[in-house]
Visitor: 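Pasting a structure below so you can have a look.
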Amino acid sequence: MDFSYSKSVDDKWRKIWEERKTYKFNEDSDKPKYYLLEMFSYPSASKLHMGHWWNYSLPDSFGRMKRMQGYNVFQPMGFDAFGLPAENYAIKTGIHPKDSTQKNIETMEEQLKQLGATYDWDYEIKTNEEEYYKWTQWVFLKLYEKGLAYRKDAPVNYCPHCQTVLANEQASGGECERCHTKVEHKHLTQWFFKITDYADKLLEGLKDLDWPERTKRIQTNWIGKNTGAKVVFNVEGHDEKIEVFTTRVDTLMGVTYVVLAPENELVDKITTADQKGEIEDYKQKVLHLSEIDRTSTVREKTGAFTGAYAIHPLTKKRVPVYISDYVLASYGTGAVMAVPAHDERDYAFAKKFGLEIKEVIKSPDGETTLPYTSSGVLVNSGEFDGLESGKAKLAIVEKLKQNGLGEMTTTYRLRDWLISRQRYWGAPIPVVYCEHCGIVPVPESQLPVKLPYNVDFKPTGKSPLYYCDEFVNTTCPKCGAKARRETDTLDTFVCSSWYYLRYLDPHNSKAPFDKAKVDKFMPVDKYVGGVEHAAMHLLYARFIYKALGDMGYVSGQEPFKSLIHQGTILGADGQKMSKSLGNTVSADEYVAKFGSDVFRTYLGFGFSYTEGGPWSDDGILAINKFFQKVAKVFENFYDLKSNENKQVDEELEVWLNKTIKNVTEDMENFQFNTSIARLMELTSAITKYQTRKDRNYEQEKHTVYSYAKLLAPLMPHYMEDVWEKLGHETSIFDEAWPKYDISKTVAKQVEIAVQVNGQIRARINIPADSSDEDMKKLALENQSVQNYTNGKQIKKVICIKNRLVNIVV
RNA sequence: GCUGGUGUGGCGAAAUGGCAGACGCACGGGACUCAAAAUCCCGCGAGGGCAACUUCAUGUGGGUUCGACUCCCACCACCAGCACCA
C-alpha cells in the first residue's frame, strides 16, 4: 500500500470534508466549549501571503488537538472588509470598493480552504455587508444613548495623505498608522467614544488576563495612569482660576511662574490688552507647527507672556503667567506650575526668559546641581523645611485642602477615541442633523443607514458621501422636517471591536447577537494575532465589551481570556518581506510544490511561533523528507501480519508515552517546533523497532495508531488519508487524543551523571526511581568516582532522582 | 531620555536551578551503485592528547549556590514601543 503524501491528498480531503460537513459546528453540543479565534484579515488583492499562513495554519493545529481532546471548538473566519486600501484603489482605478472587496474575498476564501482549517463557513462574517454594519451602527447608537458617544470641537490628528482624521492610537509617534505620513493638527468637530470613562477598568482588568506581559505593559503605558495633585492658582484681578496638575507637589514652594497651553481657553480671558498682539502671534505660530516639530524634545523652548499674574496658593506671592507649546492642552489640565529648579523643561524655559529659579529640594548627600529632578529634602519651603519629598507631598496637599486650593488627583494619558472618518468605505454614522432638533440619532428601526453605491471618489478632504445628495438629504426622524445626514463614516476599528460576538450568531436579523449564545461561548479562550494591535484593536475591543457589559448585553468582563502574538516570518535576508526589497516568498508556490501539510509542518518546525524568523528553502526540503519517513512507518506496519507475539518492548513503550506527554504539553503552549522534534524522534524509534524479527503486532498497532493521531493536527489532510488507508471509515479528528501512562514515560534503567564537586566524573546506569540512598551507594562504588574521592572526606552528597549525584569533598 | 525584549555551534534552534547544544540544516567519512541521485550508517562547539581522557565554552564582568544559559547586581550590543505626559 502506498502511504506517501502528495498535493492530491489535500484536494481529495478538502472535497470530502466539505461533502461530509466534517467541521460543522454544533452550538448545542454538551462538550465543554473552546472559542479559538485568530484576528480576521483585510481582504487584500494579493493571494494569501506568508503572514496569513503563519497566523492561521498553526493555531488551527492547536484547535484540532483541542477538538480531539474532547472540546467543542468554535473557530470562525471572516473579513474585516471596510477600510482605506479599497477606497484608494477605487480612486486610482475607478473600480468600486464593493466590487474589488467582493472579488478579493472570493479569492481569499478559496485560498483559505487550501489551508485545510476547520472553519465552519456558515459562520463567516464580512463587516462591509448590510447585515453586519447594521449592527455596528447599533453599537454606536447604544453608546450614544449611554452618553459614551459624543460630538465635540477639538484639536485632532489629521493625515493629509489619507485625507481623514485619525484616533490618537492611530497617530502615535506623530505618524499615520497606515501610511506613515506626518500627521497635522486641525481643529474640527468630530465624533468620539468616551473610552476615558473606562480607563481604570481597562487597567484593572489587565491583571487577571493570560496575556503576554509585554502587551499588558503597552496597554498600561498607553492608558498612562498617573497620580499627583491638583493645585489651584487664582488669577490677580480676575475671577478665573488656573488649575494645574503636578506629580511633584513637594516642589510647590519653588514655583516661580505658571504656564498655559496655547489652546487653553483661559488664555484669551486673562491676557492683558498690551500683550494681546504678542500672544496672538505666538498662537498662530504654534498652529502652523507640525506635530513632530511641536513635540520635538531638542527644540529650543518658545513662549509668550500673557501680562497676567497668578497668586501662589500658599505664599500668596504673584507669579507671571506664560503660554508655551511645551504644555499640552490635552494632558492633565492644560496648565502647569513651573518649578525651574527641579524640572528640566521649566529650567530651560526660565533660563531663556530670564525667570527666577528657586531651589527647594536638596539631594540627601547635599550635592545638588540644577535642575535637580529627583526627590530629596525640602529647603526654602518655610514650615515644610526638612521634610522628605514623600512626606512633604502629603503635608502640602493637606494644607492646600484646608484652603480649598488643592487635592490629590489622578490623570490619564489615554484620550477619547476619535471614531469619525472623512472616507466613504466604512459604516455610515447613524445620525442626522435637523434644523429644529439638532443632533438626532437614527432610530434602531430605521437601521441600517445604507452606504450608497453611486458616489464620486475624488479625494477632497471631505467624505465622498458629502457630495451624494440622495444620501445627505433626509427628514428628521423626530419632527419630520428637512434634515442632513452625517457624512462621516465609522473608524473600521469600531467594526472589529465587536466581531467576536457576531461570529456566534452571524445571521440574526433581530439583534446583533443572542445573549444566551454569547453567554455560552464567551470569552474567547485563545486569541491569536499580531502585537501591533496592542494599543488599538485590543484596547478598543475590551472597551466595547465592557460598555456592552454595563448595558447588560453581555455578561463577562473581558472578551479575550488568553492571548498569543505570532512572530513574523522574515525574508531569507532577515529583513521584513516587502515587494520593494524583492525578498517576498510566495506561500502558494510552496503549497503547490509540496502540499499544504508539508508547508504547515515546516512553518511549525522551522520557527518559534511567537518569534518567527528568516525563511529558509533548505528547511522545507527537510520536512518533505520527514514526510517520506512517516510514510515508511505506515507502510512497514501495513505489511506486518497479525501475530501472537505478546512480548512488550519496553523501549518502544517508553518512547510512545514520553512523546505523547511532550507533544501534548508543547502543543498546548504553541511550541510546535519542539512538538515536531519529539515526533521525529518517535519516528526513528518506531522505524528502528520495525527492523526487528519479533515485532509485537498489538503493540505496534497501538503505537502506530497513536502516532497517526499525534501527527494529525499538524498534517490534517495526510493523516486523514492514512487513517482511511488503515481501514477506518470515520475521521481521525473524531478520535480521542492519545493518553499516556506517566509510569511508562521513563525507562527501567536510567543513565545518571555523577559529579564530584560539580564536575562530571562518571555516568552510571541505575534502576529508575532509585532512592537517594541507593543512588549514593552506587555512585560511591564507582571506580572512576573513587579516583577523585579517595583519601578525601565526603562532606555532602546531593541526589536528584533519575538525573545526577553530586559528591562534595 | 524612559520602558520592555533579545544575545547559546557554520546556520534554524533545545534545555521545571541538575549531564549545554535535543531536533533539524549544512559539512566530513563510510555502505549501496559502473556512476550519479535517492537511501542507510558514523562523526560533527573550540583547544590539547596515539589513547582512556582533559581544559575552555551560553554577549562582558562580578555575586548567590554543592551545582547557573536559567536567579541577583553592573555593563555592552542589537531590536521594539513610548517620548516636552508636568
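In what follows, chains carry the letters A, B, and so on, assigned in the order in which the sequence lines appear, proteins first and then strands, with residues in each chain numbered from 1.
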Visitor: Do A/R761 and A/Y788 meet the cation-pi criteria used here (NZ or CZ under 6.0 Å from the six-membered ring centre, within 45° of the axis)?
Guide: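 Here A/R761 passes the 6.0 Å and 45° test against A/Y788.
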
Visitor: Counting any heavy atom closer than 4.0 Å, what does A/D346 reach on the DNA or RNA strands: base, sugar-phosphate only, or nothing?
Guide: nothing

Visitor: Applying salt bridge (charged side-chain N to carboxylate O under 4.0 Å, His left out), which residue pairs with at least one partner in residues 666-677 of chain A are found, sequence neighbours left out?
Guide: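 Residue pairs with at least one partner in residues 666-677 of chain A: A/K66-A/E668.
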
Visitor: Would you measure the distance from the C1' atom in B/rU6 across to the matching atom in B/rU70 and give it in whole Å?
Guide: 15 Å

Visitor: Taking donor-acceptor contacts at under 3.5 Å, does the side chain of A/K795 reach the base of B/rC66?
Guide: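 Side chain to base: no pair below 3.5 Å.
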
Visitor: Roughly how far apart, to the nearest Å, are B/rC44 and B/rG67 at atom C1'?
Guide: 28 Å

Visitor: Tell me whether the side-chain N or O atoms of A/R214 pair up with the base of B/rA80 as donor and acceptor below 3.5 Å, since no angle test is needed here.
Guide: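 Such a pair does not exist between side chain and base.
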
Visitor: With A/R600 as the cation and A/W53 as the aromatic partner, state whether NZ or CZ is under 6.0 Å from the six-membered ring centre and within 45° of the axis.
Guide: no

Visitor: Under the 3.5 Å rule, do the base of B/rC66 and the side chain of A/N806 count as making a donor-acceptor pair?
Guide: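 For A/N806, whose side chain was compared with the base of B/rC66, there is a donor-acceptor pair (under 3.5 Å).
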
Visitor: Is B/rG9 in the syn or the anti form, by the rule that syn lies within 90° of 0?
Guide: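 Chi for B/rG9 falls in the syn range.
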
Visitor: Looking only at the aromatic ring of each residue, does the gap between the centers of A/F672 and A/Y602 stay below 6.0 angstrom?
Guide: no

Visitor: Send over the distance from A/Y602 OH to B/rA13 P, rounded to a whole Å.
Guide: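 Between P of B/rA13 and OH of A/Y602: 10 Å.
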
Visitor: Side chains of residues 802-809 of chain A: which donor-acceptor partners sit under 3.5 Å, not counting sequence neighbours?
Guide:
from: A/N802; atom 1: OD1; to: A/D769; atom 2: N; distance (Å): 2.8
from: A/N802; atom 1: ND2; to: A/D769; atom 2: OD1; distance (Å): 3.1
from: A/N806; atom 1: OD1; to: A/G758; atom 2: N; distance (Å): 3.1

Visitor: Using a heavy-atom cut-off of 4.0 Å across all strands, would you classify A/E751 as base, sugar-phosphate, or nothing?
Guide: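 Base contact.
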
Visitor: What's A/V808 touching, base or sugar-phosphate or nothing? Going by heavy atoms closer than 4.0 Å.
Guide: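 It contacts sugar-phosphate atoms only.
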
Visitor: Using a heavy-atom cut-off of 4.0 Å across all strands, would you classify A/G606 as base, sugar-phosphate, or nothing?
Guide: sugar-phosphate

Visitor: Output yes when A/R678 and A/E681 qualify as a salt bridge under the 4.0 Å nitrogen-oxygen rule, no when they do not.
Guide: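 Answer for the salt bridge query: yes.
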
Visitor: Could you give the CG-to-C1' distance, from A/L621 to B/rA26, as a whole number of Å?
Guide: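 These atoms are roughly 13 Å apart.
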
Visitor: Just how far, in rounded Å, is C1' of B/rG24 from CD1 of A/I676?
Guide: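 A/I676 atom CD1 is separated from B/rG24 atom C1' by 11 Å.
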
Visitor: Using whole Å, what does the distance between atom P of nucleotide B/rG24 and atom CZ of A/F607 come to?
Guide: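 Distance check: A/F607 CZ to B/rG24 P gives 17 Å.
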
Visitor: All N/O contacts under 3.5 Å from nucleotides 51-54 of chain B to the protein, with atom names and distances to one decimal?
Guide:
from: B/rU54; atom 1: OP1; to: A/Y788; atom 2: OH; distance (Å): 3.0

Visitor: Using whole Å, what does the distance between atom P of nucleotide B/rU16 and atom CZ of A/R803 come to?
Guide: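 The distance from CZ of A/R803 to P of B/rU16 comes to 9 Å, rounded to the nearest Å.
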
Visitor: Establish, from distance only, whether the side-chain atoms of A/D416 and A/T196 form a donor-acceptor pair under 3.5 Å.
Guide: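 Looking only at side-chain atoms, A/T196 and A/D416 do form a donor-acceptor pair, the distance falling under 3.5 Å.
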
